[in-house]
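Working notes, structure below.
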Amino acid sequence: QVQLVESGGRLVQAGGSLRLSCAASGGTFSMNAMGWFRQAPGKEREFVAAISWSSGSTWHSDSVKGRFTISRDNAKNTVYLQMTSLKPEDTAVYYCAAKARPFGITEQGKYDYWGQGTQVTVSS
């Protein structure tokens, strides 16, 4: 059983930067990939970014490409989401997730474990 704990969410002004962290524990050897998803008020949860645990290959949604960067530290079992040039529309609860199986890296239904979420609020 993998446990995920996110941190780093807070209130930030538009144009600012923020780094989210997700620490994984328990059974991390079984992970294929980790990802970040977000859910804004009144909207469905959406894919943000993902990273292969073994190769380090990354995927980013079009809405954050060029502004957000996902990375990992295998030694610390931690995944990061570096967010820059933040916009008010980035306001959401950000969730970290882990998947054990290959394929469907952008599909939230393919993820097996989820964190509790961390709130990011971008003021205009």
Side-chain angles (χ1 to χ4, degrees):
Q1 188 78 8
V2 176
Q3 293 84 43
L4 305 173
V5 178
E6 303 102 329
S7 61
R10 62 175 176 86
L11 173 65
V12 63
Q13 288 190 332
S17 299
L18 202 57
R19 189 177 80 160
L20 304 182
S21 299
C22 174
S25 61
T28 55
F29 61 89
S30 66
M31 291 193 300
N32 171 265
M34 291 185 69
W36 288 96
F37 294 78
R38 67 185 181 186
Q39 186 167 21
K43 295 187 177 182
E44 294 186 353
R45 190 160 57 186
E46 64 175 359
F47 169 76
V48 176
I51 187 165
S52 166
W53 200 245
S54 57
S55 71
S57 297
T58 62
W59 292 258
H60 296 82
S61 68
D62 288 342
S63 62
V64 307
K65 200 169 292 183
R67 300 189 298 122
F68 292 9
T69 303
I70 189 170
S71 62
R72 78 192 193 298
D73 184 332
N74 289 46
K76 296 182 178 180
N77 287 334
T78 299
V79 170
Y80 304 98
L81 185 67
Q82 180 67 49
M83 305 186 292
T84 63
S85 302
L86 283 161
K87 305 175 182 179
E89 50 263 44
D90 294 319
T91 295
V93 177
Y94 283 72
Y95 297 92
C96 175
K99 61 194 299 292
R101 296 155 290 178
F103 310 117
I105 200 163
T106 65
E107 301 171 35
Q108 57 182 302
K110 294 293 193 293
Y111 283 77
D112 305 290
Y113 307 100
W114 292 84
Q116 80 287 353
T118 186
Q119 176 71 47
V120 172
T121 303
V122 184
S123 63
S124 57

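When reading the values below, keep in mind they use all heavy atoms of this one structure, side chains included, and skip hydrogens, waters and symmetry mates. Every value quoted in this text rests on a predicted model; they were computed, and no experiment measured them.
For the pair Q116/L4, no side-chain contact is recorded, criterion being any heavy-atom separation below 4.5 Å from C-beta on. Counting only heavy atoms from C-beta outward, the side chains of T69 and L81 never approach each other to under 4.5 Å. The side-chain heavy atoms of R72 and M34, taken from C-beta on, include no pair separated by under 4.5 Å. Residues L20 and Y80 form no side-chain contact, since every pair of their non-hydrogen atoms from C-beta on lies 4.5 Å or further apart. The side-chain heavy atoms of V122 and Q13, taken from C-beta on, include no pair separated by under 4.5 Å. In this structure, the side chains of Y111 and N32 stay at 4.5 Å or more apart for every pair of heavy atoms. You'll find the side chain of S123 reaches within 4.5 Å of the side chain of L11, heavy atoms only.
Pairs of residues two or more places apart, or lying in two chains, never qualify as salt bridge (Lys or Arg N to Asp or Glu O under 4.0 Å) while including a residue from residues 73-89. Applying the salt bridge (Lys or Arg N to Asp or Glu O under 4.0 Å) definition to pairs two or more places apart or across chains, those involving residues 42-51 are R38-E46. Within the structure, the disulfide (SG to SG under 2.5 Å) test picks out no pair touching residues 47-94 (sequence neighbours left out).
By the ring-ring contact (aromatic ring centres under 6.0 Å, His included) test, W114 is found to be paired with F37, residues two or more places apart in sequence or in another chain being considered. By the salt bridge (Lys or Arg N to Asp or Glu O under 4.0 Å) test, R67 is found to be paired with D90, residues two or more places apart in sequence or in another chain being considered. The side-chain hydrogen bond (donor to acceptor under 3.5 Å, both in side chains) search around R10 returns none, not counting sequence neighbours. Residues satisfying the side-chain hydrogen bond (donor to acceptor under 3.5 Å, both in side chains) criterion with Q39, sequence neighbours excluded, are absent altogether. In this structure, the side-chain hydrogen bond (donor to acceptor under 3.5 Å, both in side chains) partners of S55, at least two apart in sequence or on a different chain, are S52, S57. The side-chain hydrogen bond (donor to acceptor under 3.5 Å, both in side chains) check on Q82 picks up nothing, with sequence neighbours excluded. Checked against side-chain contact (heavy atoms from CB on, under 4.5 Å), A23 has the following partners two or more places apart in sequence or in another chain: T78. Scored by the side-chain contact (heavy atoms from CB on, under 4.5 Å) test, S61 finds F47, S63, V64 as partners (sequence neighbours excluded).
In the hydrophobic cluster analysis, where Ile, Leu, Val, Met, Phe, Trp and Tyr join through side-chain heavy atoms closer than 4.5 angstrom, F68 is grouped together with L18. Using a 4.5 Å cut-off between side-chain heavy atoms of Ile, Leu, Val, Met, Phe, Trp and Tyr, with links allowed through other members, V48 and W53 fall into the same hydrophobic cluster.
Put simply, CG on L86 and OG on S17 are 6.5 Å apart, with the number rounded to the nearest 0.5 Å.
Closest heavy-atom contact between V120 and G9: CG2-CA, 4.0 Å. The minimum heavy-atom distance between W59 and I70, with the atom names listed, is O-CG2, 4.5 Å. Between E6 and G117, the shortest heavy-atom contact is OE1-N, 2.9 Å. The heavy-atom pair separating A14 from S124 by the smallest distance is CB-CA, 4.3 Å. Among all heavy-atom pairs drawn from P41 and T91, the shortest one is CD-O, 4.3 Å. Between T118 and S7, the shortest heavy-atom contact is OG1-C, 4.3 Å.
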Result block: side-chain N/O donor-acceptor pairs under 3.5 angstrom for residues 95-102, not counting sequence neighbours:
{"unit_1": "K99", "atom_1": "NZ", "unit_2": "R101", "atom_2": "O", "d": "2.2"}
{"unit_1": "K99", "atom_1": "NZ", "unit_2": "F103", "atom_2": "O", "d": "2.8"}
{"unit_1": "R101", "atom_1": "NH2", "unit_2": "D112", "atom_2": "OD1", "d": "2.7"}

Stepwise side chain to side chain contact (heavy atoms under 4.5 Å, CB included) test for Q119 and T121: CA-CA 6 Å; Q119 176 71 47; T121 303; 3.3 Å; yes
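Proximity of a side-chain donor or acceptor of Y94 to a complementary backbone N or O of G8 within less than 3.5 Å is not detected.
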